[in-house]
Structures are given as C-alpha cells and as structure tokens.
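Notes to accompany the following structure.
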Number of protein chains: 2
Amino acid sequence: MLSMTRTVSRPANDGQFAALVGEQVCCSEFTYRRGTEVFGEGEEAEYVYQIVSGAIRTYKLLCDGRRQINSFHLPGDLFGLENGAVHRFTADAVIQTKVRITSRRHLLDRIEHQEAGQASLLTLVTRNLQHAENHMLLLGRKTSVEKVAAFLLEMDRRQDHPDVLSLPMSRRDIADYLGLTLETVSRALSTLRDDRMLRFDGQTQRQLVLLDRQKLAQLDA
Amino acid sequence: MLSMTRTVSRPANDGQFAALVGEQVCCSEFTYRRGTEVFGEGEEAEYVYQIVSGAIRTYKLLCDGRRQINSFHLPGDLFGLENGAVHRFTADAVIQTKVRITSRRHLLDRIEHQEAGQASLLTLVTRNLQHAENHMLLLGRKTSVEKVAAFLLEMDRRQDHPDVLSLPMSRRDIADYLGLTLETVSRALSTLRDDRMLRFDGQTQRQLVLLDRQKLAQLDA
DNA sequence: GAGCGCTTTTGATCTAGCTCAACTCCAAGC
DNA sequence: GCTTGGAGTTGAGCTAGATCAAAAGCGCTC
C-alpha cells in the first residue's frame, strides 16, 4: 500500500510544514489511492496535510458536473489550511499519494503561541491568493496554447527544472485546470512538440522534456 | 471636485477598516477622477485604501493589452493591503471615487500590537482568496449567460439587494471581469431582459432592476 | 502474451463567442 | 438648437475551441 510511485528530491518549499507545525512533528502519515477523496466541499476542516509523495488536486464542481481544478499540490506542498473552518472545495488524489496529517486545531493552537506562526500562515494564504490571481488572468484571457505553455512552465518551476518533467495528472485534469477540453490540451501539446519546444520521453505521454523554455515563456506572454 | 455620484447607504462590510485601523482613524481622504490610476502593478505598496464612494477596479494586463479584472471594489471595501509589500496588479478608478488612505506601515505596526489585528488581516486575505476561487470556476467553466447572471447577483448582493441596481462600470469593464467581449456581455444582458429576468431603468443602461433573482440564481448553476 | 480498459491522439464537424461594422442613444460643449 | 464623441445594441460572418468519432497506444490482469 505504501509503495512510492515517484522519488522525491527534497522539494523547495519543504520548510513550510516545519515552520508552522514546529520541529517535534506531531503528525501521522497516510496514503491515499488514486482517485480517493481527501476531503469534500462543505466538510468541516479537521486536518491539515502535507504531501510526501504523489499529487493532490483541489476543485469545485458545477451541478451538471463541469469541473474547475484550482490547483495541483505536489510533494512538499501544504494544503487544507487555507480554507478556514470549512473546506471550500474538494480534494482528491491524482495518483497514489502519501501525506503527513496533523489536526487543524493542534496546528492553530500552536500558531497562537508563536510570533512567527501568524505571519507564516498569512504568507501561505497570500501565496495562494497570488496563484489564484495569476490563474484568473490565464483562464480569462489566454489562448489554449498560451495556457498549456504556462502550465508546463509552472510544473517545471515547481519541480525545480528537472531534465524530464513528469506529469502525474491526465489530460482531462490539465484541461479542467486550464478551462479547456482534454482534446484541446492534447492538440496544444502536439503543436508545441511540432514546434520543437518539447518532446515526449519514453513510452508514456506523461514524461516530457522541455527543449526551449525561453520560447515557451514567450508564448506565455 | 468632491461631488458625490452615489449615495452610500452604510455598506455591510464597513466595519473592516475600523477593526484594522482602530477608532481614532489616522487617515486622509482623497478623490480620484474617472480613469485615474491609484497604484500600478509592481509598485511598492505604501498605502492602504478604503472606498468612501465610487468604484475601483484592479486588474492585470498581458503584454499585448489583454486585460483581466480581478475584482471591483465598492463603497466600504478595503483594498491595497492583500498585496504584500509590492502591488501585484494595477488599480484605477472606474468612476470618480473618494477613498480614505492610511499608510501600510502605520497599519501594520498597529496590527502587530493588537491580537485581533492579525486575525482580521488573515480574514481579509482569506475572503479575497475565496472570491478568487469562485471566480476561477466562473472563468474556466461557465457560459456567457451564466457569467453575466453571476455578475449581476454578485453586484446585487454587495449592494444589499437594492430596488435599482446601478452598475458604475462599462460593458467593457464587465467583459474584462468575466473573460468575455463587451458585445457578448451586451447580448447576454439583452437575453436576460427578453427572458424577463431584468429590465433597464430610466435612460441609462447602467441602472437595472432584477425581476427574478431566483431564475438568475438557477442560471448561475 | 493475449485480451481488456483506460488514456491519448487525430480527424471531421459544429457552435459559442469573437470580430467587424453599422446604427442608436445620450451627454457635453459651443 | 446643432455637433461631436463615447457607450451600448444589434447584425453578419468568422474562428478558436468544443463536440463527436475513430483509432492507436499503454498498462493492467489473468
């Protein structure tokens, strides 16, 4: 049940959890299988999570099933706290995902007795807000190829510019993140491949190599 | 220069500023004319603002001029603080707008010596994040008519369900908020009028009456 | 290692919303 | 009053991206 699907190379933002939770980490670990729900929209926020390995998506649904993914959470990322007392969206596992869990109450109590705590909590929420602001610009005003280019650069940055970028999520997930259909995402990727900005690596279509980050960044506008 | 364009009926969220700034309000007032910039993206955040009357839009631009408006700020709203040290977007006046200004530094100093301060600052940023999350769903997954219906209901709610809803912003502003063109906004409004969900009031097209909020809410999905 | 199901790609067609353009309606200035 | 200009509406046609469909590729399980 706990077999790792990815090796984790000490992500850049790993300090977050320690800064908030403190050093003698009082938390348990848990592994969610692919597609399992971590928490649902409207549920009370009891726990806070940090990803050890895998990937989580958080999203909102319209009544007819249309889905908008807010964000993907990767190893090192903290999530479930930005919410306030009640979760404002659903979170589930994109692939098998191992998380560290601590109770929200425990974490907030700790924060109250720590000067830096309040500040780092505010920093966390502010960072989320900043991401959301950038994403609104993308959703409202970018073309499909610009969206996909921006997505690739975001994943590349968050994985510290690896030689091979591995995407844990499906084309449908990417589409629901970018406000497109899965076919349009696929076509945009093919366009970028044909224009020599990336190539697929190995058999799977989820490993790819960015061949020209500069050109991608220009597309991102 | 200071003539009011709207009467203000003590907005619901007016407590914000007082809660953060304190009672003996140390701040000056200023009036911006229609179209004037309050602050620009990338500028250092020196001041924090609360709207007395009028309306402010905050937005980001792509290099070729495409614009995405994050939010409209109406009387009572606080803005310019959520940013952190540097403004992440531009703010300018939709119409002639009177604001109360206080220095960011002054406000943050005050907050540090106040238990409730940190919490209410966090609450403010969290509220902004929540708005952004809802707006991402709108931008990524709603149709033009759904977007316009949602916009009208938002304005209606924020003005406390007035008999006549007055929109300070142009069709182009609404379009740039909803990720549409101004023509599409105009057509959507005409559709809603034809379907008896609203009617225009008086001469101007910026005063309207919501005839069936329930039906609008259904559209909002 | 054959078969099945899921994911992805690619093609063909459709359509919501964009673009371009004309016209109306005010409001402001002379 | 007349003129000018910005704002809004409406129409006609276009296009980016959606939808529908088929096939290919991969990773399961047995």
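In what follows, every chain begins at residue 1, and chains take the letters A, B, ... in the order their sequences are listed. Computed over heavy atoms, backbone and side chain alike; hydrogens, waters and symmetry mates excluded.
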Exercise for the section: Indicate whether OP1 or OP2 belonging to C/dG17 is found under 4.0 Å from a side-chain N or O atom of B/S144. Expected result: yes
Exercise for the section: Establish, with yes or no, whether the OP1 or OP2 oxygen of D/dG6 is under 4.0 angstrom from a side-chain nitrogen or oxygen of B/R172. Expected result: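 Looking at the OP1 and OP2 atoms of D/dG6, neither is under 4.0 Å from any side-chain N or O of B/R172.
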Take the protein atom [atom1] of [X] and the nucleotide atom [atom2] of [N], then report the distance between them rounded to whole Å.
X      : N      : atom1 : atom2 : answer
A/R206 : D/dG25 : CZ    : P     : 18 Å
B/Q207 : C/dC25 : CD    : C1'   : 16 Å
B/D194 : D/dT9  : CG    : C1'   : 12 Å
B/L180 : D/dA16 : CG    : C1'   : 15 Å
A/I95  : C/dC6  : CD1   : P     : 19 Å
B/E146 : C/dG17 : CD    : C1'   : 14 Å
A/F200 : D/dG25 : CZ    : C1'   : 12 Å
B/R141 : D/dA18 : CZ    : C1'   : 10 Å

Practice task
Name the residue closer to the 5' end of DNA chain C, choosing between B/V145 and A/V185 according to the nucleotide with the nearest heavy atom.
Solution key: A/V185
Problem - Parallel, tilted or perpendicular: rings of B/Y177 and B/H131 (30°, 60°) - result: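 The arrangement is parallel - the two ring planes meet at less than 30°.
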Practice task
Measure the acute angle between the ring planes of A/F79 and A/F39, then classify it against the limits of 30° and 60° as parallel, tilted or perpendicular.
Solution key: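 Ring orientation of A/F79 relative to A/F39: tilted.
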Handout entry: A/R193 and A/S190 side chains, donor-acceptor separation under 3.5 Å
Key =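 Their side chains do contain a donor-acceptor pair, which is all the 3.5 Å distance test asks for.
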Exercise for the section: Return yes if a side-chain donor-acceptor contact under 3.5 Å exists between B/Y59 and B/D92, otherwise no. Expected result: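 A donor-acceptor contact under 3.5 Å links the two side chains.
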Handout entry: Candidates C/dT7, C/dC18, C/dG17 - which lies nearest the side chain of A/R34
Key =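 Out of C/dT7, C/dC18, C/dG17, the nucleotide with an atom closest to A/R34's side chain is C/dT7.
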Fill in the blank from the handout: Considering only heavy side-chain atoms of A/R171, the closest of C/dG17, C/dC6, C/dT9 is C/dT9
Handout entry: Electrostatic pair A/D173-A/R67, nearest N-O below 4.0 angstrom
Key = yes
Exercise for the section: Would you classify A/S170 as touching base, sugar-phosphate or nothing, given that sugar-phosphate means primed atoms plus P, OP1 and OP2, and contacts are heavy atoms under 4.0 Å? Expected result: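 A/S170: backbone/sugar contact only, no base atoms under 4.0 Å.
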Completion exercise
Taking for A/T204 and for A/K142 the nucleotide of DNA chain D with the nearest heavy atom, the one nearer the 5' end belongs to A/K142
So which protein N/O to nucleotides 10-12 of chain C N/O distances come out below 3.5 Å?
from	atom 1	to	atom 2	distance (Å)
C/dT10	OP2	A/S190	OG	2.7
C/dT10	OP2	A/R193	NH2	3.3
C/dG11	N7	A/R187	NH1	3.0
C/dG11	O6	A/R187	NH2	3.1
C/dA12	N6	A/R187	NH2	3.3

Handout entry: Derivation of the salt bridge (Lys or Arg N to Asp or Glu O under 4.0 Å) call for B/R158 and B/D77
Key = CA-CA 10 Å; B/R158 289 175 60 186; B/D77 292 348; 2.7 Å; yes
Practice task
Give the minimum heavy-atom separation between A/K60 and A/R88, together with the two atoms involved.
Solution key: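 Here A/K60 and A/R88 meet closest at NZ-O, 2.9 Å.
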